[in-house]
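Working notes, beginning with the structure itself.
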Amino acid sequence: MLYITAALYEEAAPFLTALSLKKEPSFRHFDLFLGDNAMLLLTKTGAMRAAVATSSFLTTFPPQKNDMFLSVGTAACLNQSIPCGSAFILQQIIDAGSGRSVYPELIYRSPFPEARLTTVPQIITSAATEQNNASYKHIVPPMLYDMESSGIYEAAIPYFLCEQLLFCRIVSDHAVDLTSLSYSEIRKKVTLYITEHTETMIRWIQNIEKNRKAPKQLSEKHIEFYERVCAALRLSTASQAELKRMILYLYLNNIDYLSDMEHFLSLPLLSPCKTKKEGLFYLGQLKKHFL
Amino acid sequence: MDNLKNTFYNLPFSHIYVEEEALFSPLAQKLIKKTAPIVIHHYMDIFGRTHQNFSIQKESPALILAVKHGNFIYPGANVCQSFGNSYFYYTSFAMNCPFHCEYCYLQGMYSSANIVLFVNTEDYLKELAQLLCQHSVYLCISYDTDLLALEYLTGFLEHYLCFAAKKHKLVTELRTKSAVLPSFLFSLPEELKRRLIFAYTLSPQEVTERYEHKTAPLSARLSAIRSAGSAGFPIRLCFDPLLRIPNFEHIYGNFISQVHAALSNIPIQDASIGVFRISDSYLKQMRKNLPESGLLQYPFENTQHVCHYGAHSSEMISFVKQQLSNWIPEEKIDTLDL
């Protein structure tokens with residue numbers, strides 16, 4: 001399952017279409033859209049609101065180990081040489097309020113260049129200037145500005161491993177060029193910029209989902225056999241854990257133990273142990289035989 | 001599969017995080033010529049993040065360049081073999097290793113598979129010089145990492161050996177699973193060579209292939225040992241950890257014969273034997289990191305928070321010791337049993 005968050009409907013619209021997502025009315029406090037393999041949440045603007053919405057979303061729909069999370073949206077960039085519509089993956093998210101930085105994992109090869117981003121409490125205006133005067137300024141990638149990323153990261157990280165979180169931002173303005181446009185024109189532009197990259201983003205993440213392998217686990221046949229043995233030997237919780245560890249060890253090492261163990265335990269499997277002591281004796285014999 | 005890995009993940013060290021404090025160090029300046037760095041405040045901002053996936057990070061580890069503060073040289077721990085040296089110390093110029101051995105304790109010790117390089121090597125050497133003013137020092141420089149495998153990136157070993165050349169009371173152990181021997185090693189003064197012990201960890205090829213990912217194959221390690229031994233470096237063979245695998249005696253018996261045949265003409269200073277043992281808290285973390293590892297899922301016995309193979313441990317050590325003693329005198333074989 002792919003979890004997506006976007007602040008505004010205009011940012012989400014291309015994903016709703018591409019992934020055929022439908023509004024889920026039962027999720028009452030926030031706008032949620034569901035599909036077969038994806039869910040999209042509208043967080044509204046602002047880091048606090050985004051964190052609250054994301055947290056509620058992930059608590060209601062707890063992610064699994066193989067799920068991915070994409071935070072998508074637009075951002076301002078003060079560097080005029082970077083054209084509007086340019087897409088970036090974030091390597092650093094700075095919370096302007098606290099000054100704290102977080103670093104999304106950059107494990108997967110990405111079709112987008114990297115950028116840093118500062119989450120600010122208000123829309124960046126033309127009066128804003130880059131605060132970074134450090135002597136290494138020339139070697140760092142562009143800085144973008146948005147109003148949600150730091151909140152989304154903090155809300156999402158308890159539910160995922162670092163490498164499951166992806167942050168993509170598309171430059172919507174240079175903090176000056178949107179002021180002359182009407183609100184409906186701005187909305188159209190935002191959707192247009194995101195649309196240009198939607199297919200690439202989806203293809204990229206689907207490829208990640210496809211190639212992230214789920215860890216090998218005991219199959220139903222082995223679990224069923226383990227449960228039969230536990231019952232037959234009247235094992236305590238601690239002894240059950242010991243048996244499960246042994247079966248997992250044999251299974252992961254491709255040791256064909258099933259028929260051998262079934263034969264070894266033919267008596268108690270036919271007529272279960274009367275006491276726990278008797279069961280423990282068999283468990284000890286199993287350890288001697290199979291380890 | 002390898003092809004998939006090449007396109008799916010970023011290349012190892014494609015990302016370099018550099019502490020502001022380390023940014024203008026010679027090593028950082030050398031490395032960031034090729035890759036634009038991500039400037040960070042403190043290495044723990046990356047290395048100590050919560051919810052990292054150790055095994056996936058191993059596919060594409062990042063480099064973190066940092067400045068170390070506090071202590072630089074530590075007294076050797078009791079669970080490590082001192083080989084009879086009174087003043088046994090270790091140091092870590094780096095945290096983590098480019099290899100990925102499934103049994104490695106680093107998976108339990110660190111939450112990240114990224115590699116931290118401490119750039120302020122001069123501070124290490126200053127503390128070591130002070131120690132050497134008091135007494136001789138036996139120093140292990142490749143704990144918690146594989147310094148030789150990282151030498152192509154760091155140049156730490158060459159820098160360290162320039163210092164060590166003038167310190168005649170310093171004996172150094174360099175532990176490795178790498179088969180690379182940088183050319184500068186061969187032009188070192190003979191006296192210095194005698195004080196630099198190459199400690200090679202060896203395992204049967206079956207174990208290397210299955211559990212010691214990204215390490216050099218056994219044949220390459222044996223070839224490197226021959227080169228180092230012929231060049232005059234003392235050689236230590238580390239058969240540690242022995243792993244309880246099916247057909248243990250057959251596989252380890254053949255393995256010792258293979259090592260003997262390959263190194264029969266090389267003087268061996270000593271050998272160490274140890275079975276796999278790990279603290280229970282580390283094992284718990286390692287099992288979480290590598291849920292598919294058949295090696296780690298073994299139902300170990302737990303004695304005072306150390307997980308081990310129980311009675312099998314002594315049998316395994318005895319077997320390998322007996323095989324080795326056909327070739328290496330017993331007094332030169334150090335064993336670490338539980």
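Here is the naming used below: chain letters follow the sequence lines, and residue numbers restart at 1 for every chain.
Between B:Q297 and A:L250 there is no side-chain heavy-atom pair separated by less than 4.5 Å. Contact annotation: the side chain of A:L291 never approaches that of B:F300 to less than 4.5 Å [non-hydrogen atoms, C-beta and beyond]. With a 4.5 Å cut-off on side-chain heavy atoms, B:Q57 and A:E105 count as touching. In this structure, the side chains of A:Q92 and B:D45 stay at 4.5 Å or more apart for every pair of heavy atoms. Residues A:R245 and B:R287 are in side-chain contact: their nearest non-hydrogen atoms beyond the backbone lie under 4.5 Å apart. Looking at A:L106 and B:Y17, their side chains come closer than 4.5 Å, going by heavy atoms from C-beta outward. At least one side-chain heavy atom of A:M246 sits less than 4.5 Å from a side-chain heavy atom of B:P299.
Note that CD1 of B:I56 and SG of A:C162 are 11.0 Å apart. Values are rounded to the nearest 0.5 Å. Between the CZ atom of B:F47 and the OH atom of A:Y103 there is a distance of 15.5 Å, given to the nearest 0.5 Å. Put simply, CG on B:L295 and CG on A:N253 are 8.0 Å apart, with the number rounded to the nearest 0.5 Å. Residue A:I107 holds its CD1 atom at 7.0 Å from CG of B:N114, rounded to the nearest 0.5 Å. A distance of 9.0 Å separates CD1 of A:I157 from CD of B:Q52, quoted to the nearest 0.5 Å.
In this structure, no portion of A:Q217 lies under 4.5 Å from any heavy atom of chain B. Using a 4.5 Å cut-off between heavy atoms, B:H41 touches chain A through its backbone atoms (N, CA, C, O) alone. In this structure, the portions of A:I208 lying under 4.5 Å from any heavy atom of chain B include both its backbone and its side chain. Of the atoms belonging to B:S55, not a single heavy atom falls under 4.5 Å from chain A. With a 4.5 angstrom heavy-atom cutoff, B:I40 touches chain A via backbone and side-chain atoms both.
Between B:Y298 and A:Y249, the ring-plane angle classifies as perpendicular under the 30° and 60° cut-offs.
A donor-acceptor contact closer than 3.5 angstrom is absent between the side chains of B:H15 and A:Q91.
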